Amino acid sequence: MNSFESLIAGLIADKAPITIEDARQLLVVPQDSSHGNFSFPCFSLAKLLKKNPKLIAEELADQIILPVGLAKVEALNGYLNFYMDRAFLASKVLLEIEEKKLNYGHAPQNNKSVVIDFSSPNMGKELAFHHLRSTMIGNSLSKIYEANGYKVERVNHLGDWGTAFGKLIVMYLKENLPLEDQELEKLSVKELNLLYASFANEAKSNPEIEEEARKAFTRLEQGDALYRKLWAAFKEATLKELRRLYQILGVSFDHYVGESFFEDKIPAVIENLQQKKLLIKSQDLDVVMLEDKKLPPCLIRKSDGSTLYATRDLAAAIYRKETFDFEKCLYVVDLGQSLHFKQVFEVLKQMDYAWSQDLLHIPFGLILQQNEEGKWEKGKTRTGTASLLRDVIEAATQKILDFIEEKNPNLADKKTVATQIGVSALVFNDLKNKRLMDVKFDWDAALSFEGATGPYVQNALVRLYSIMRKAAYTVDKNDVQWDQIIDDTAYELIKTLGRKEENIRKACEANEPSILAQYALDIAEAAHRFIHHNRVLGSTEEQSRLFLVQQAQTVLENTIELLGLYPIQQM
RNA sequence: GCACCUGUAGCUCAGUUGGAUAGAGUGUCAGCCUCCGAAGCUGAAGGUCAUGCGUUCGAAUCGCAUCAGGUGCGCCA
């Protein structure tokens, strides 16, 4: 498709006073497909030639000689519309898919690495529903970057350090819970969640406990043996449940590097800051002033000498650059933390790290749920209105299972399939809109099989698979008659398949999985339409149509995979 | 108060680098299974693109201002 834009730009440049580059810039793909595949607006030429754009378009249409692949050029309302030869396009697109298979539309390896920091939950807490966003946006971006030729380092930057652990330790000891290794191994994240709740409760009547927690963390930082043992047990209990959930979601990481890992790398960072005269005492705190950038100061060290979130992020960024020599480092973290990242990136810049400009915060909006008055609001962990991720997944699975029992009770391995559909529905609901938009979560809409949903996309793939299963053979490309797949629905499907490369590239450039999610919907819709309007098996055009079904299946399957949904074959 | 995000059909959202008559889904209404999965397809109705001014041959898109909703701002992460 790209080569055709250049070709057409060349045709125009040949007959009009405009460079190929400029002509290519002006060339658009019309929204209305009845206006052709490519359209050239003649208005800027009109200004240059001081001539009516309608007239220019008409003259150009007369003069241009069409090369192979183009069927028609037409002047309309000052636009020059180019129509491709349908059979030509069909052969060009489908043969390339047949050759490249699932890698169709991918870019070659580029020997550049990208670090993607995503999911990164806090230890000691259960995953809430909203953690799905970072996890699945990051997961999809990882796959998208790989498809664009990058080496991706998936990093789970666990929140395993900080005052929160002081709170847990204080509460654990206060409640006289067992300290033997055997007992600690049995700890579950559920119990830790309860400790947080009792801490918050206690803090209401006894605010000094907050100070105790801070002291406990300082003691942990200083290496107290008992505190370290408890900390390790808390972390392990959380990781156990975390791994279980990632397994269900189909997510994996290359590195689990918690904040605690950077503990011994922090003194060097602080020394560095001092050397560069960036560290300043302010109200007993060590900070870096950023007022010239109109940012509040970045807090580096608390009054008791212990470290903060930003300090550890500085150390982590430096470590990642040294270890991975990344081209880019993405932080898939909610929008609410954009100030924090601005500060951290700016401090690194002031430390003279030129690569600080390669650090990118990839923000996303909140998950909102509707309250009794119908107002959209954020679930709050503290008040317990936030749903736990495991509960949401379980409820989704059950709902899908009920549906399968009703519609397709003989399906094999129903429970597994229901989980895969349920998870995919939740994930698709998270990815289908632009990252920055808040997700207004509606159970019925998300799990519906109709409309812009995961199941709708999966169902299109299932139908394609079903036809191929029944055909029970693979079409040889030499048996395809291209002019048998040029009706409107086939042509729309082929054009859609041909846009895969462009969509993968755009999704990568914008760090925006929703571009690919919308594309998956386009393919699914075109596929549903095609197989509804064209009988495949038993028709005189069977081989040609089946070849299209094969290639559509390949493209849809890979697109689904890049989003992190399950490409199921039966449902 | 300051900073950031959002505002497009009743609801949830797309809208490419500024291009032609602003598009989907959902809901409402009306149709299509002797036929590869109806978990699907086809049609109708539904719009002051928050508002105003500006730039341009041309603005939902770019600039400025205003309004509305949301989020964040020193010892949490």
Side-chain angles (χ1 to χ4, degrees), chain A residues 25-32 35 39-41 43-44 46-47 53 76-79 81 120-122 125 159 161-164 166-167 210 213-214 217 259 282-287 294-304 306 308-310 312-313 333-340 342 363 365-366 368 376-378 403-404 407-408 421 432-434 436-440 442 444-445 448-453 455-456 458-460 462-471 489 502 506 514-515 518 521-522 525 528-529 531-539 542 545-546 549 570-571:
Chain A
Q25 278 292 309
L26 285 168
L27 213 57
V28 293
V29 176
Q31 284 179 17
D32 185 342
H35 290 142
S39 200
F40 179 77
F43 307 103
S44 52
K47 213 176 173 188
L76 183 69
N77 301 330
Y79 289 83
N81 295 333
S120 306
N122 293 325
K125 288 180 186 165
W161 210 236
T163 312
K167 294 184 184 176
E210 298 275 5
R214 276 193 283 275
F217 174 58
E259 292 187 274
S282 161
Q283 298 172 16
D284 237 15
L285 286 163
D286 289 317
V287 304
K294 296 190 171 158
L295 292 171
C298 182
L299 275 57
I300 301 297
R301 231 169 12 182
K302 297 191 232 175
S303 44
D304 66 1
S306 64
L308 284 145
Y309 180 39
R312 299 192 280 274
D313 265 359
V333 182
D334 71 89
L335 178 63
Q337 294 187 48
S338 56
L339 177 60
H340 163 75
K342 271 187 198 156
L366 306 162
L368 306 178
W376 291 104
E377 63 179 19
K378 182 182 169 182
F403 198 85
I404 292 174
K407 294 276 182 177
N408 192 7
I421 298 173
K432 72 175 173 182
N433 295 136
K434 284 174 297 192
L436 280 171
M437 301 289 269
D438 290 338
V439 173
K440 291 169 182 163
D442 176 328
D444 295 329
S448 162
F449 287 83
E450 292 156 22
T453 65
Y456 174 84
Q458 285 175 313
N459 183 233
V462 162
R463 290 181 73 188
L464 295 170
Y465 261 109
S466 174
I467 293 173
M468 290 182 43
R469 211 165 33 241
K470 291 200 164 106
T489 60
E502 172 197 345
K506 281 182 183 166
S514 71
I515 290 173
Q518 296 293 333
L521 284 172
D522 289 345
E525 188 184 335
H528 273 307
R529 250 196 267 235
I531 59 185
H532 183 266
H533 292 282
N534 294 277
R535 175 79 202 178
V536 177
L537 303 178
S539 68
E542 177 174 311
R545 287 177 179 170
L546 191 59
V549 166
Q570 290 190 64
M571 63 199 282

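Since we're looking at a predicted model, the values are computed, not measured. Just so we're on the same page: letters track the sequence lines, and every chain starts at 1.
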Q: Using only side-chain N and O atoms of A:K47, determine if any of them is under 4.0 Å from OP1 or OP2 of B:rC57.
A: yes
Q.
Considering every strand and a 4.0 Å limit on heavy-atom distances, what is the contact class for A:Q458: base, sugar-phosphate, or nothing?
A. nothing
Q: Would you mind classifying the nucleic acid contact of A:L295 as base, sugar-phosphate or nothing, using non-hydrogen atoms under 4.0 angstrom?
A: nothing
Q: Tell me whether the OP1 or OP2 atom of B:rC73 has a side-chain N or O from A:K342 closer than 4.0 Å.
A: no
Q) Taking N and O atoms by type only, does the side chain of A:K378 place a donor or acceptor under 3.5 Å from a partner on the base of B:rU71? A) no
Q | Nucleotide opposite B:rG18 in a Watson-Crick or G-U pair, distances under 3.5 Å | A | none
Q: Classify the nucleic acid contact of A:L464 as base, sugar-phosphate or nothing, counting any heavy atom under 4.0 Å across all strands shown.
A: nothing
Q: Between B:rU42 and B:rU61, how far apart are the P atoms? Round to whole Å, please.
A: 32 Å
Q. Hey, does the side chain of A:R529 come within less than 4.0 Å of B:rU42's phosphate (OP1/OP2), counting only N and O?
A. yes
**Q.** Touch class at under 4.0 angstrom, heavy-atom based, for A:V28 against every strand present
**A.** nothing
Q.
What's A:K506 touching, base or sugar-phosphate or nothing? Going by heavy atoms closer than 4.0 Å.
A. base
Q) When you compare B:rU48 with B:rC5, how far apart are their P atoms, in angstrom units rounded to a whole number? A) 28 Å
Q: May I ask you to decide if the ring planes of A:F217 and A:W161 are parallel, tilted or perpendicular, using 30° and 60° as cut-offs?
A: perpendicular
Q | Distance between P atoms of B:rG18 and B:rG58 (Å, rounded) | A | 16 Å
Q) With a 4.0 Å cut-off on heavy atoms, is A:R214 in touch with a base, just the backbone sugar-phosphate, or nothing at all? A) sugar-phosphate
Q: To the nearest 0.5 Å, tell me how far A:Q570 CD sits from A:I404 CD1.
A: 11.0 Å
Q) For the residue pair A:F449 and A:F403, does the interplanar ring angle fall in the parallel (under 30°), tilted (30 to 60°) or perpendicular (over 60°) class? A) parallel
Q: State whether A:K440 places a side-chain N or O below 4.0 Å from either non-bridging phosphate oxygen (OP1 or OP2) of B:rC13.
A: yes
Q. Within the modelled atom types, does a donor on one side and an acceptor on the other bring the side chain of A:H528 and the base of B:rG40 under 3.5 Å apart?
A. no
Q.
Distance criterion of 3.5 Å, no angle test: do you see the side chain of A:S303 paired donor-to-acceptor with the base of B:rC75?
A. yes
Q: May I ask you to check whether A:Y309 and A:H340 place their ring centres under 6.0 Å from each other?
A: yes
(Q) Classify A:P297 by what it touches in the nucleic acid, base, sugar-phosphate, or nothing, heavy-atom distance under 4.0 Å. (A) base
Q.
With a 3.5 Å limit on both atom pairs, tell me what B:rC4 is paired to, counting Watson-Crick and G-U wobble, or say none.
A. B:rG70
**Q.** OP1 or OP2 of B:rC36 under 4.0 Å from side-chain N/O of A:R545
**A.** no
Q) Contact class for A:D438 vs. all strands (heavy atom < 4.0 Å): base, sugar-phosphate, or nothing? A) sugar-phosphate
Q: Please work out if A:A452 contacts a base, only the sugar-phosphate, or nothing of the nucleic acid, heavy-atom cut-off 4.0 Å.
A: sugar-phosphate
Q: With C1' as the reference atom in both, quote the distance from B:rA24 to B:rC41 in angstrom, rounded to an integer.
A: 16 Å
Q) Counting side-chain heavy atoms from CB outward, which of B:rG15, B:rC41, B:rC36 is closest to A:Q31? A) B:rG15
Q | C1'-based separation of B:rG15 from B:rC75 [nearest Å] | A | 46 Å
Q. Touch check for A:M571, heavy atoms < 4.0 angstrom, all strands: base, sugar-phosphate only, or nothing?
A. base
Q.
At 4.0 Å (heavy atoms only), tell me whether A:H340 reaches a base, stays on the sugar-phosphate, or touches nothing.
A. nothing
Q.
Please classify the nucleic acid contact of A:L285 as base, sugar-phosphate, or nothing, using heavy-atom distances under 4.0 Å.
A. base
Q) Can you check whether A:R312 has a side-chain N or O nearer than 4.0 Å to OP1 or OP2 of B:rA77? A) yes
Q.
Please classify the glycosidic conformation of B:rC33 as syn (within 90° of 0) or anti (everything else).
A. syn
(Q) Can you work out whether A:W376 or A:Y456 has the more 5'-proximal nearest nucleotide on RNA chain B? (A) A:W376
(Q) With rounding to the closest Å, how many angstrom separate the P atoms on B:rA44 and B:rA22? (A) 16 Å
Q | Donor-acceptor pair present, A:N81 side chain and B:rA20 base, under 3.5 Å | A | yes
Q) Side chains of A:S39 and A:N81: donor-acceptor distance under 3.5 Å anywhere? A) yes
Q) In the strands shown, is B:rG23 matched to any nucleotide by a Watson-Crick or G-U wobble pair with both distances under 3.5 Å, and which? A) B:rC13
(Q) Once hydrogens and angles are ignored, does a donor-acceptor distance under 3.5 Å link the base of B:rA20 to the side chain of A:S39? (A) yes
Q: May I ask you to say what A:N534 touches in the nucleic acid, namely base, sugar-phosphate or nothing, with a heavy-atom cut-off under 4.0 Å?
A: base
Q) In terms of the nearest nucleotide of RNA chain B, which residue is placed more toward the 5' end: A:F43 or A:I421? A) A:F43
(Q) Mind checking if A:E450 touches a base, just sugar-phosphate, or nothing, with heavy atoms under 4.0 Å? (A) sugar-phosphate
Q: Send over the distance from A:H532 NE2 to B:rA38 P, rounded to a whole Å.
A: 7 Å
Q: Name the orientation of the base relative to the sugar in B:rG40: syn if the glycosidic angle is within 90° of 0, else anti.
A: anti
